[in-house]
Structure formats: C-alpha cells, structure tokens
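A quick write-up on the structure given underneath.
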Amino acid sequence: MDPTFAKEFTASKIYRKYLPTPEVNLNKLHVQGNYLGVYVNAESINKQFLDKHFNEKGGALFKCDDSDRFCDTAGAPSSAVILDPDLKYLGNDSTLYYNSYDIKSDYGWEELLDFIDTLNNHFNEIDSILNVDRVLWCFAVNSVISNLDTYNGYYVHNYYLYKTEDGLFQMIPWDLDNSFIGAILGWDYFNPTGVYHFDPYFFGQSSTSRPLAYNLLDNPLYRKQYTAHLRTVINESLDTSIIRNKINQLQ
C-alpha cells in the first residue's frame, strides 16, 4: 500500500541514527525467469541482527505482535481472546501472554513477565530492567515521522524486545511501512486531520491501555528526555527537502 516504494527504506535510515533498527533495501524479484517487479526487503531480527548490534545473541527475544492479527480467524473458537502486546500485567501465568507475544528464543517467559510486573507494579525500579532511553528514542522517531502503526501510535504492536546480558530489555522497531502517515489511518480514516496533527503525548495519557507510554511520560524526567529526543529528531532528520531528494534518487 506504498506506491512510492520509499517509506520503509527512508524510515529505516532515520531510525538507525538513534537505535538498532533493521536495514531495508529494494530487490528486483525474478521467479523462474519471470520478472515480477520491485519488492521491499527488510532485514530479519534474528541472532545475526542481535550479534551485529549487541555483540551477543543468547538473550530472551520476543516479537511483540499478537497472533492472528493478519490471519483469517473465522474458524477460531469464540472463546479465543486476542490481546495487543500492550505490556499490561495479566498475572504470573505465562500462558496468559502466549497470544500477544511471539517468543523467538529458547527461553524468556520468566524474564518477560518479570519486566511486565516491574513496569506495572514497581515502576520505580524500571531502569533496572529496561533501557528506558532507547524506548524514548523509539517513541520519538515514531512520532516525528508519523509511524502510527506502533506502541505509542494508533496500533499497539510492531516492536521486538531483547534482553541483553546487562539485564536490560531493549526495544527494537519493526515493520516501518506505514511511516510518513501511511495507509493505516486508524480512527481518523474518514477525517485524517487528526493524523496530520497527531499529539506525540496523546497515548501517554491512559494508564489502562498503554502502561509503558503512560508510566514513562508521567515521569517528569523521562518526559523531558522524550521531549528533547523529539526536538533532536526534528532538527536532525526532518528536513523535507533532503528527504524528498533522497526519495527521488531512490526512485
């Protein structure tokens, strides 16, 4: 749904200035000798990616996307509950989180539940288990380039969590194709004014729907850091003449 073929590519270059992010390129795809066209190719977040950015690859890794988000669930049992990976605390039974977080490592449920419990119930200890500054950078880029298909945008998903050897979870952005507004306009689909005037603090106002955004932006220090990061990304990476020139070169 991106006729420019440039949104994910351009967004990746901006994100990568501030935190580990998948690289993106364009491929000419041929199948059995038939040219099918140009396709966007995004780097996988796997052990190779982790080793490149963190010099390690053995920690707990989760893709934070609920199961069946893009699947036909017509045949699913009526009792099936699909929850966003919003980091709400549901209890200490790991099975309650299976439909919301896709584990990509050999272990990690205990670590993830410990993080979610700390976030919701012991927030004063959050910097002992989360790389807070990296999350704030991620949130800032999401907001500045209007990638609203994200935790602090319209839809709560499209991120990975990786626990490094220092005991801190790292947020890694993923699936950047709706950056620069994109086709997914959410609640403002029929009146996109709200999208073009998106409040970068809006989804930090509810403690019930997005505890990570709420708790971070409710903290005076973290809110100031986030605001400073917004200003940095705007000043360094939002020169539209430069962005347009690079898009034209790519195309």
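What you see below is based on every heavy atom in this structure, not just the backbone, and it leaves out hydrogens, waters and symmetry mates.
- Scanning both residues, Met171 and Leu19, for their nearest heavy atoms gives O-CD1, 3.7 Å.
- The cluster map of Ile, Leu, Val, Met, Phe, Trp and Tyr, joined by side-chain heavy atoms under 4.5 Å apart, puts Tyr97 and Tyr107 in different clusters.
- Counting all heavy atoms, side chain and backbone alike, Phe203 lies closest to Ala213 at O-CB, 3.4 Å.
- Not counting sequence neighbours, the partners of Lys88 by the salt bridge (Lys or Arg N to Asp or Glu O under 4.0 Å) test are Asp86.
- The ring of Tyr160 has its center no closer than 6.0 angstrom to the ring center of Phe62.
- A side chain to side chain donor-acceptor pair (under 3.5 Å) with Asn158 is found for exactly one of Asn178, Asn142, Asn147, Asp149, namely Asp149.
- Classified by interplanar angle (parallel below 30°, tilted 30° to 60°, perpendicular above 60°), the ring pair His53/Phe49 is tilted.
- The two residues Ser179 and Tyr15 make their nearest non-hydrogen contact at OG-CE1, 4.5 Å.
- Sequence neighbours left out, the pairs with a member in residues 120-130 that pass side chain to side chain donor-acceptor pair (under 3.5 Å) are Asp117-Asn121.
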Contacts table for residues 214-221: side-chain donor-acceptor under 3.5 angstrom, sequence neighbours left out:
unit_1 : atom_1 : unit_2 : atom_2 : d
Asn215 : ND2    : Leu119 : O      : 3.0
Asn215 : ND2    : Pro211 : O      : 3.2
Asn219 : OD1    : Leu221 : N      : 3.0
Asn219 : OD1    : Tyr222 : N      : 3.0

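- Contact between Ser143 and Tyr226 at its shortest, heavy atoms only, is OG-OH, 3.0 Å.
- Between Asp51 and Lys47, every side-chain heavy-atom pair lies at or beyond the 4.5 Å cut-off.
- Heavy atoms from other residues, nucleotides or ligands lying under 6.0 Å from CD of Glu236 number more than 12.
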Validation: residues 22-42 side-chain donor-acceptor distances under 3.5 Å, sequence neighbours left out:
unit_1 : atom_1 : unit_2 : atom_2 : d
Glu23  : OE2    : Lys52  : NZ     : 3.2
Asn25  : OD1    : Asn41  : ND2    : 3.0

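- Counting heavy atoms from C-beta on, the side chains of Asn46 and Leu50 never come closer than 4.5 Å.
- In this view, Ser237 and Ile14, Lys17, Tyr18, Val233 satisfy the side chain to side chain contact (heavy atoms under 4.5 Å, CB included) rule, not counting sequence neighbours.
- Closest heavy-atom contact between Gly59 and Tyr162: N-OH, 3.0 Å.
- Across all non-hydrogen atoms, the minimal contact from Asp166 to Gln170 is OD1-NE2, 4.2 Å.
- Environment of CD in Gln205: crowded, with over 12 heavy atoms of neighbouring residues, nucleotides or ligands closer than 6.0 Å.
- A 6.0 Å sphere centred on NZ of Lys57 holds no more than 12 heavy atoms belonging to other residues, nucleotides or ligands.
- Under the salt bridge (Lys or Arg N to Asp or Glu O under 4.0 Å) criterion, Asp2 pairs with no residue at all, not counting sequence neighbours.
- Contact check for Ile103 versus Leu61: no side-chain heavy atoms found under the 4.5 Å cut-off.
- Cluster annotation: Phe169 and Ile126 are assigned to the same hydrophobic cluster (Ile/Leu/Val/Met/Phe/Trp/Tyr, side-chain heavy-atom contacts under 4.5 Å, transitive).
- Side-chain rings of Tyr98 and Trp109 approach one another, their centers coming within less than 6.0 Å.
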